[in-house]
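All figures in this text were calculated on a predicted structure; none of them were measured in a lab.
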Amino acid sequence: RKERNRVQALKTACDGMDAALGRGAVEEAAAVLAQAQANLGDTDPLPAFAARIEVARRQAAVQQLLGQAEARLTAQSFDEAQQLAQQAQRQDPSNARVRSLLDQIATVRERLAEDARRRAEEERRQAEESRQRKEAARRAAEEEKKRADEERRRAEDEKRKADEQRRQEAARRAADE
């Protein structure tokens, strides 16, 4: 009778742990396990349940880390997202979601780096065009100044010549009178 009660308690505990693990209630399963171990010791299959609970805890931790990493990625906190994903990878190296997230982070970083390179190149090109426009405007201003100076000199020369001709004409008229 005592053995029957023991077997029944073990079955009840195992059913309770199975149900809790099925619902994702890892800590509930751990509490049932702790109670069963306190009452029954490390009777089979309790060690197997302890291992399952540990795996479920690790998976829950990985899922939590992945959720946090995805949130950081959405917030464009790439360093934090990568650190969280790498923590998850250390806990579960074969997790496809972890690998996918790390690949996604790397792709986003590469795209952002390429975008930054393109923007820098565009800014450099625009700065060069601006420099060239300024240089062309400076040269045009110099040419305009030279033309204006030349026009001024020509006008002065013509005025001097006209003044000289008027003086000579006035001197001839004075000499003729």
Could you pull out the closest heavy-atom pair between [X] and [Y], with the gap in Å?
X   : Y    : result
A13 : A36  : CB-CB, 3.7 Å
C14 : P45  : SG-CG, 3.6 Å
G67 : R97  : N-NH2, 4.2 Å
V26 : A56  : CG2-CB, 3.7 Å
A85 : L102 : CB-CD2, 3.5 Å

Please step through side-chain contact (heavy atoms from CB on, under 4.5 Å) for the pair R52 and M17, ending with a clear verdict.
CA-CA 10 Å; R52 281 180 59 194; M17 287 183 286; over 6 Å; no
Between the side chains of [Y] and [X], is the shortest nitrogen-to-carboxylate-oxygen separation below 4.0 Å, so that they form an ion pair?
X    : Y    : value
R160 : E164 : no
D163 : K159 : yes
E151 : R154 : yes
R153 : E150 : yes

[X] side, atom [atom1]; [Y] side, atom [atom2] - distance, nearest 0.5 Å:
X   : Y    : atom1 : atom2 : answer
R99 : L101 : CZ    : CG    : 12.0 Å
S77 : Q83  : OG    : CD    : 10.5 Å
L21 : L33  : CG    : CG    : 9.5 Å
L65 : Q87  : CG    : CD    : 5.5 Å
Q64 : L84  : CD    : CG    : 9.5 Å
R58 : Q63  : CZ    : CD    : 12.5 Å

Compare all side-chain heavy atoms of [X] with those of [Y] and state whether any distance is below 4.5 angstrom.
X   : Y   : answer
N95 : Q89 : no
V98 : D92 : no
V32 : F49 : no

For R125, run the side chain to side chain donor-acceptor pair (under 3.5 Å) check against E128, E121, E129 and tell me which one passes.
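Passing option: E129.
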Which of these passes side chain to side chain donor-acceptor pair (under 3.5 Å) with E122: Q126, R118, R119?
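Single side chain to side chain donor-acceptor pair (under 3.5 Å) partner of E122 among Q126, R118, R119: Q126.
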Starting from the C-alpha separation in whole Å, work towards a yes-or-no answer on salt bridge (Lys or Arg N to Asp or Glu O under 4.0 Å) for R117 and E114.
CA-CA 5 Å; R117 187 198 62 71; E114 179 62 22; 2.6 Å; yes
If two hydrophobic side chains count as joined below 4.5 Å and joins carry through other members, does I105 share a cluster with V108?
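Both belong to a single hydrophobic cluster.
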Joint hydrophobic cluster, L73 plus V62, side-chain heavy atoms closer than 4.5 Å:
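Both belong to a single hydrophobic cluster.
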Main chain of E70, side chain of T74: is a donor-acceptor contact present, judged purely on distance under 3.5 Å?
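Yes; at least one donor-acceptor contact below 3.5 Å.
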Look only at the side chain of R6 and the backbone of L40, and say whether a donor-acceptor pair between them is shorter than 3.5 Å.
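Yes; at least one donor-acceptor contact below 3.5 Å.
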Criterion salt bridge (Lys or Arg N to Asp or Glu O under 4.0 Å) against D149, the qualifying member of K145, K146, R147
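The residue from K145, K146, R147 that satisfies salt bridge (Lys or Arg N to Asp or Glu O under 4.0 Å) with D149 turns out to be K145.
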Out of the candidates R167, R172, R166, only one should pair with E169 under the salt bridge (Lys or Arg N to Asp or Glu O under 4.0 Å) rule; please name it.
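Among the candidates, only R172 passes.
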Among side-chain atoms of Q82 and R72, is any donor-acceptor pair under 3.5 angstrom?
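Judged by distance alone, the side chains do not pair up.
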When you check the side-chain N and O atoms of Q37 and D42, is any donor under 3.5 Å from an acceptor?
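Side chains of Q37 and D42: pair found under 3.5 Å.
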